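Before any comments, here is the structure.
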Protein chains: 2
Amino acid sequence: MEFSATTFRELCQQHGIAVTHQRQVLFEIMQGMHGHPSPEEVYARVKKKIPAISLATVYKNIHLFVESGIFREVSMHHGTLRVEMNSRPHHHMVCSMCKSISDIDEADLGLLPSHQKLPGGFLVERYAVDVIGICPECQAKKIN
Amino acid sequence: MEFSATTFRELCQQHGIAVTHQRQVLFEIMQGMHGHPSPEEVYARVKKKIPAISLATVYKNIHLFVESGIFREVSMHHGTLRVEMNSRPHHHMVCSMCKSISDIDEADLGLLPSHQKLPGGFLVERYAVDVIGICPECQAKKIN
DNA sequence: CTACATGCAAAAAGTTTGCATCATA
DNA sequence: TATGATGCAAACTTTTTGCATGTAG
């Protein structure tokens with residue numbers, strides 16, 4: 001599940017994009033982040049390695065990675081762009097109080113429809129489930 | 001499935017919020033909109049009835065309605081806040097070819113988990129499911 | 001009459017763009 | 001060397017906030 005610098009070079013060749021130092025560091029750092037970081041969070045981390053990097057470059061390259069299918073965009077109940085590095089089949093638990101998002105394996109979620117076709121003829125490829133609710137931390141706080 | 005002005009008054013009483021002219025008009029107009037309008041779209045419509053209304057008021061009240069559970073927030077592949085007025089529990093079918101989005105009733109979707117708590121202690125309020133697949137129109141195109 | 005809602009304008013947050021400079025292929 | 005990437009700053013979009021005024025309960 002880990003990509004070496006060589007693999008990143010290959011990935012870039014596959015997608016016809018240039019291998020720059022910024023992209024390499026950006027990719028490695030994102031690869032090592034878990035969850036669904038925002039561009040600002042990624043920027044903060046990358047700046048430690050490349051202090052001169054600009055936020056615009058981070059945005060441009062996150063978009064590039066998403067368009068290339070290297071990472072996936074997650075549009076959750078945040079107001080901001082979020083990226084997903086985890087490629088295993090899983091779903092998301094979104095806390096309605098603190099807006100935190102965590103992953104849950106499809107198997108741990110339990111029952112899911114197994115139709116191939118829905119009424120109306122829609123052909124199912126996969127499900128993307130957001131579980132909306134309250135995370136353990138906020139449940140603890142909630143007990144006013 | 002339609003709410004009269006009287007019902008809105010009751011809804012407000014239930015949630016302990018004041019019945020203002022702005023809220024009443026906002027509610028009625030949103031009720032009459034289908035799809036997943038953005039705050040700007042709602043604002044444009046409401047301004048026709050109350051030209052002096054401010055965008056801030058629209059935002060404040062949309063949030064109020066969402067927090068009260070009168071409407072639901074929808075996180076789609078937009079970058080902006082979207083609201084859902086359809087009060088029947090339903091989910092979304094997203095076509096991976098043409099990107100069209102249509103609704104499907106929760107009942108028609110079939111089996112869905114019924115946990116109150118997930119492993120890890122997350123307290124489930126509701127599920128928001130995107131069914132990714134191919135719509136009937138694109139299936140037809142695909143064969144040809 | 002009091003607490004809360006509104007409108008306005010300013011500010012904050014998030015994201016995109018234009019352009020001169022620089023690095024990769 | 002030429003194309004495309006970067007950094008910077010300004011512009012833009014979306015959303016939030018503070019405050020004076022207005023209105024529902």
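Numbered from 1 within each chain, the chains take letters A, B, ... in sequence-line order. What you see below is based on every heavy atom in this structure, not just the backbone, and it leaves out hydrogens, waters and symmetry mates. Note that this is a predicted model, so its numbers are computed, not measured.
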Side chain proximity check, B:Val131 to B:His92, heavy atoms < 4.5 angstrom: no
query: So does B:His63 get a side-chain nitrogen or oxygen closer than 4.0 Å to the phosphate oxygens (OP1/OP2) of D:dT15?
result: no
Whole angstrom value for the distance that separates C1' of C:dA5 from CD1 of B:Ile62: 16 Å
- prompt: With sequence neighbours excluded, what pairs up with B:Asp105 under the salt bridge (Lys or Arg N to Asp or Glu O under 4.0 Å) test?
  reply: B:Arg88
statement: Rounded to 10°, the angle between the first-five-pair and last-five-pair axes of the helix from C:dC1-D:dG25 to C:dA25-D:dT1 is 40°
field: A:Glu41 CD to C:dA13 P, straight-line distance once rounded to whole Å
entry: 15 Å
Neighbours of DNA chain C within residues 12-23 of chain B, by heavy-atom distance under 4.0 Å: B:Ala18, B:Thr20, B:Gln22, B:Arg23
- prompt: Rounding to a whole Å, what distance do you find between B:Ile50:CD1 and D:dG22:P?
  reply: 17 Å
- request: Answer yes if B:Leu118 and A:Val129 sit in the same cluster of Ile, Leu, Val, Met, Phe, Trp and Tyr residues linked by side chain heavy atoms under 4.5 Å apart, and no otherwise.
  value: yes
task: Check side chain to side chain donor-acceptor pair (under 3.5 Å) between A:Glu106 and all other residues, then give those that pass, not counting sequence neighbours.
output: A:His91
message: Does anything in residues 51-60 of chain B come within less than 4.0 Å of DNA chain D? Heavy atoms only, and list the residues if so.
response: B:Leu55, B:Ala56, B:Tyr59, B:Lys60
List, one per line, each side-chain donor-acceptor pair under 3.5 Å for residues 39-55 of chain B, sequence neighbours excluded.
unit_1, atom_1, unit_2, atom_2, d
B:Glu41, OE1, B:Ser38, N, 2.9
B:Ser54, OG, B:Ala56, N, 3.1
B:Ser54, OG, B:Thr57, N, 3.2
B:Ser54, OG, B:Thr57, OG1, 3.4

query: How long is the line joining CD of A:Glu40 and P of D:dT14, in whole Å?
result: 18 Å
message: Just to verify, what does A:Lys60 make a side chain to side chain donor-acceptor pair (under 3.5 Å) with, not counting sequence neighbours?
response: none
query: Nearest-Å distance, NZ (B:Lys47) to C1' (C:dT6)?
result: 16 Å
task: Report whether A:Val25 and A:Met85 are members of the same hydrophobic cluster (ILVMFWY, side-chain heavy atoms less than 4.5 Å apart, transitive linking).
output: yes
- prompt: Do other residues, nucleotides or ligands put more than 12 heavy atoms under 6.0 Å from the NE2 atom of B:His21?
  reply: no
- line: note: B:Glu10, atom CD; D:dG25, atom P; distance rounded to Å ~ 14 Å
- line: For B:Phe65, the ring pair (Phe, Tyr, Trp, His ring centres under 6.0 Å) test, sequence neighbours excluded, returns B:Phe71
field: Separation of D:dT13 P from B:Leu81 CG (nearest whole Å)
entry: 18 Å
field: is_close_aromatic(B:His34, B:His36), centroid dist under 6.0 Å
entry: no
Check: B:Ile134 and A:Glu125 side chains under 4.5 Å, non-hydrogen atoms: yes
field: Nearest-Å distance for atom pair CD/C1', residues B:Glu67 and C:dC4
entry: 15 Å
